[in-house]
Amino acid sequence: MTEVLETDLTPDETGGEATWWRQAAVYQIYPRAFADSNADGMGDLPGITSRVPYLRSLRIDAVWLSPFYPSALADGGYDVDDYRDVDPRLGTLDDFDTLVAALHDAGIKLIVDLVPNHTSDRHTWFREALASPKGSPARDRYIFRDGKGPDGAEPPADWTSVFGGSAWEPVGDGQWYMHHFAVQQPDLNWNNPEVREDFLHTLRFWSDRGVDGFRVDVAHGLAKNLGPTLPNQAELDALPKDGNHPLWDRDDVHEIYAGWRKVFDSYDPPRTAVAEAWVAADRRARYASAHGLGQAFNFDLLEADFDAAQFREIITFNLELAKASGSSTTWVLSNHDVVRHATRYGLPPRGPGAGGGDHTAEKQGRQWLLARGAEPVLERALGLRRARAGTLLELALPGSSYLYQGEELGLHEVPDLPDEARQDPTFFRSGGFDVGRDGCRVPLPWTRDGVSFGFGDAPADLPQPAWFADHAVEAEDGDPASTLTLYRRALALRRELQTAERLTWLDVDGDDVLAFGRPGGWLCVTNFGADAVELPAGEVLLTSAPLDDDGRLPGATTAWLRE
């Protein structure tokens with residue numbers, strides 16, 4: 001085996017409190033679906049605190065906590081009523097402080113979700129805006145426009161919301177407000193200095209309570225420049241996203257984040273942030289700048305098939321991109337917005353170049369979801385086998401790995417939720433054409449039985465399927481072959497092996513095999529094909545599935561070795 005490519009990122013940045021995030025393993029918790037402490041069917045903060053020993057057993061470095069703020073749940077908590085409080089159904093600020101202390105005592109950092117593009121329609125500011133006249137300072141915090149026609153009865157433009165339907169909503173006096181997402185999520189006007197200052201206050205509020213970082217929702221959407229005449233939807237779609245688009249990925253959004261960086265750096269250690277920015281890959285580095293948020297999500301692997309060529313191209317490109325930005329890259333295979341990767345990998349591949357580069361682009365499971373899981377046929381065992389192999393490869397890469405709750409249990413997507421139980425606004429606003437994201441948000445199973453498989457003492461607010469029993473923590477704990485055991489072993493070993501942010505591709509026989517080395521003689525080999533292959537010489541440390549009797553690496557399997 002010979003070296004064919006080396007990507008040397010930042011070999012001097014190998015640790016320390018200020019740079020803990022560069023190669024962290026971060027576990028995303030969707031609070032309402034994690035653990036229910038008060039038998040109301042909804043997960044809560046005390047429930048999470050009760051599971052801190054479980055989180056510690058995973059050997060993760062940080063928790064990313066999805067929104068826990070007061071909310072009507074029009075969009076799963078991403079419709080925020082108050083950015084500096086806790087939803088009373090989830091707990092109190094005291095409960096939040098208790099959770100922070102428990103995580104820190106366990107050696108786990110905390111990243112909280114921040115939703116700065118829009119508030120909820122119940123936010124104090126928006127209620128004031130509705131009660132105020134046209135042209136008032138209260139309305140200037142949001143994006144209001146006069147409707148078309150003599151009485152303003154038509155929307156200012158024919159724009160479509162991400163969740164379907166019009167992106168404009170009338171308020172009864174001839175004006176309309178813009179909402180990129182649900183109608184209950186009015187977009188803020190980030191040209192307003194009061195909006196900017198209030199979010200700086202929010203950053204300090206949570207940082208003072210011990211939060212270590214922030215995940216920034218729709219980070220590419222804050223800055224807008226609508227102008228006096230609005231383009232129609234077709235014209236808007238045709239405009240290049242080159243930094244001057246009226247709505248998305250504008251260059252001036254980075255002025256906002258430069259102000260945030262001053263707040264982050266005022267703390268010791270500095271607070272960190274990661275951008276959810278669905279932008280062209282060559283524009284991602286600006287969000288990851290040391291003068292801005294510091295890190296940005298890389299969703300490229302999430303949009304790829306289980307394919308060696310696609311994985312290698314994506315990994316190479318993103319490591320080079322990270323080198324150019326001075327940040328570390330991020331890797332993610334599942335999250336709260338997409339079909340779980342154990343399921344995606346068990347469905348027919350989409351083929352190269354299928355990803356669309358925005359948060360609705362992950363459509364591999366759409367047909368399957370619309371058919372409620374009936375077709376195409378899901379190869380469940382193969383999907384899970386590939387998911388285990390993909391995760392083990394992901395965890396061997398330099399950079400941060402973001403893991404989504406339940407993937408460590410090998411959970412598949414739940415496709416056949418009853419329509420009356422669904423909660424995602426996408427389902428309702430699309431008329432059922434898009435089933436939505438509820439299937440990856442079903443509450444976790446902790447025990448083999450019980451009214452909600454140990455999630456709580458009441459039925460979960462999203463019904464759990466019977467097959468969850470076989471994937472419960474109780475069922476997998478202590479089983480050497482379980483996915484939970486694999487994650488625990490991999491994350492513990494990763495801590496021991498992780499050193500400088502350097503990767504060396506290794507030449508191997510076969511187009512279906514990827515192999516690379518990490519500093520210290522750590523090798524990762526993944527067989528994406530069906531036929532077993534020879535492993536390089538070395539001590540086998542961990543495999544995602546058992547080796548063949550002759551020591552060969554089977555298909556859909558990853559191995560870690562020490563030279």
Side-chain angles (χ1 to χ4, degrees), residues 5-16 18-26 61-62 64 111 114 212-223 241-245 248-265 269-304 311-332 355 357-358 394 397-402 498-505 516 518-519:
L5 173 72
E6 184 166 294
T7 302
D8 194 348
L9 296 177
T10 50
D12 295 330
E13 302 249 12
T14 56
T19 58
W20 66 266
W21 49 271
R22 294 191 67 94
Q23 298 195 84
V26 184
D61 299 301
W64 154 24
I111 296 169
L114 192 64
D212 302 285
F214 300 86
R215 179 264 188 185
V216 183
D217 187 64
V218 195
H220 58 307
L222 275 57
K241 294 177 181 175
D242 58 359
N244 295 299
H245 192 278
W248 299 114
D249 189 27
R250 292 184 55 78
D251 286 341
D252 48 356
V253 76
H254 300 291
E255 298 172 12
I256 297 169
Y257 298 137
W260 290 20
R261 173 49 55 188
K262 291 179 181 178
V263 173
F264 298 154
D265 288 348
R271 299 316 189 232
T272 187
V274 57
E276 183 214 26
W278 291 87
V279 299
D282 60 356
R283 293 189 57 81
R284 193 182 303 138
R286 296 196 66 183
Y287 293 88
S289 165
H291 305 293
L293 295 177
Q295 196 174 54
F297 277 120
N298 154 29
F299 296 114
D300 297 349
L301 281 183
L302 183 150
E303 294 192 318
F311 266 60
R312 175 158 180 159
E313 180 181 1
I314 288 167
I315 292 166
T316 300
F317 177 80
N318 281 284
L319 291 180
E320 292 290 357
L321 198 65
K323 181 178 181 180
S325 72
S327 183
S328 65
T329 194
T330 60
W331 309 107
V332 55
D358 64 57
E394 172 196 4
L397 294 169
S400 296
S401 292
Y402 283 78
Q498 197 75 278
T499 55
E501 294 174 39
R502 188 164 64 251
L503 176 153
T504 304
W505 286 115
F516 57 85
R518 295 291 308 278

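Position 1 is the first residue of the sequence, and the numbers go up from there. It should be emphasised that the depicted structure is a prediction, and the values quoted were computed from it without experimental measurement.
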With sequence neighbours excluded, residues passing salt bridge (Lys or Arg N to Asp or Glu O under 4.0 Å) with D242 = none
What is the ring orientation for H220 with W248, classed by angle as parallel under 30°, tilted 30 to 60°, or perpendicular over 60°?
-> parallel
Over all atoms of both residues, closest heavy-atom pair of I314 and A304 = CD1-CB, 3.6 Å
Check: S289 main-chain N/O paired with S325 side-chain donor or acceptor under 3.5 Å | no
Of all heavy-atom pairs linking R283 and D251, the shortest is NH2-OD1, 2.6 Å
Got T499 and Q23 here, is their nearest side-chain heavy-atom distance under 4.5 Å?
-> no
Within a strict 4.5 Å, meaning less than it, do heavy atoms of the W21 and I111 side chains meet?
-> no
In sequence, state the C-alpha distance, the side-chain angles, and the governing distance for V216 and Y257, and then conclude on side chain to side chain contact (heavy atoms under 4.5 Å, CB included).
-> CA-CA 10 Å; V216 183; Y257 298 137; 4.0 Å; yes
Check for a donor-acceptor pair, side chain of R271 on one end and backbone N or O of F264 on the other, with a separation under 3.5 Å.
-> no
Basic-acidic side-chain contact under 4.0 Å: R22, D61 | no
Atom pair CG (L302) and OH (Y402), whose distance is rounded to the nearest 0.5 Å | 14.5 Å
In Å, rounded to the nearest 0.5 Å, how long is the span from CG of L222 to CD of E255?
-> 12.5 Å
In terms of ring plane angle, is the pair F516 and W505 parallel, tilted or perpendicular, where the classes change at 30° and 60°?
-> perpendicular
Would you call V279 and K241 a side-chain contact if the rule is heavy atoms closer than 4.5 Å?
-> no
Out of curiosity, F311 CZ to L301 CG, how far, rounded to the nearest 0.5 Å?
-> 5.0 Å
Assess whether side chain to side chain contact (heavy atoms under 4.5 Å, CB included) is satisfied between L503 and I315, documenting all intermediate values.
-> CA-CA 10 Å; L503 176 153; I315 292 166; 4.3 Å; yes
Do you know the tightest heavy-atom contact between D282 and L321?
-> CA-CD1, 4.4 Å
Atom CG of L319 and atom NZ of K323: how far apart are they, to the nearest 0.5 Å?
-> 10.5 Å
Got a salt bridge between D249 and R286, using NZ or NE/NH1/NH2 to carboxylate O under 4.0 Å?
-> no
Going by the angle between their ring planes, with limits at 30° and 60°, are H254 and Y287 parallel, tilted or perpendicular?
-> perpendicular
Work out which heavy atom in A223 is nearest to a heavy atom in D252; give both atom names and the distance.
-> CB-OD1, 3.5 Å
D217 and R215 have their tightest heavy-atom pair at OD1-NH1, 2.9 Å
Sub-3.5 Å donor-acceptor pair from the side chain of E276 to the main-chain atoms of A219, do we have one?
-> no
Side-chain touch R518/P398, heavy atoms, less than 4.5 angstrom = yes
Please report the closest heavy-atom contact between S327 and G294, naming both atoms and the distance.
-> OG-O, 2.6 Å
Using a 4.5 Å cut-off on heavy atoms from C-beta on, say whether the side chain of D212 contacts that of W20.
-> yes
Separation between OG1 of T330 and CG of L397, rounded to the nearest 0.5 Å | 11.0 Å
Could you verify whether a donor N or O on one side chain and an acceptor N or O on the other, from E501 and S328, lie under 3.5 Å apart?
-> no
Is a side-chain donor or acceptor of R250 paired with a backbone partner of G243 at a separation under 3.5 angstrom?
-> no
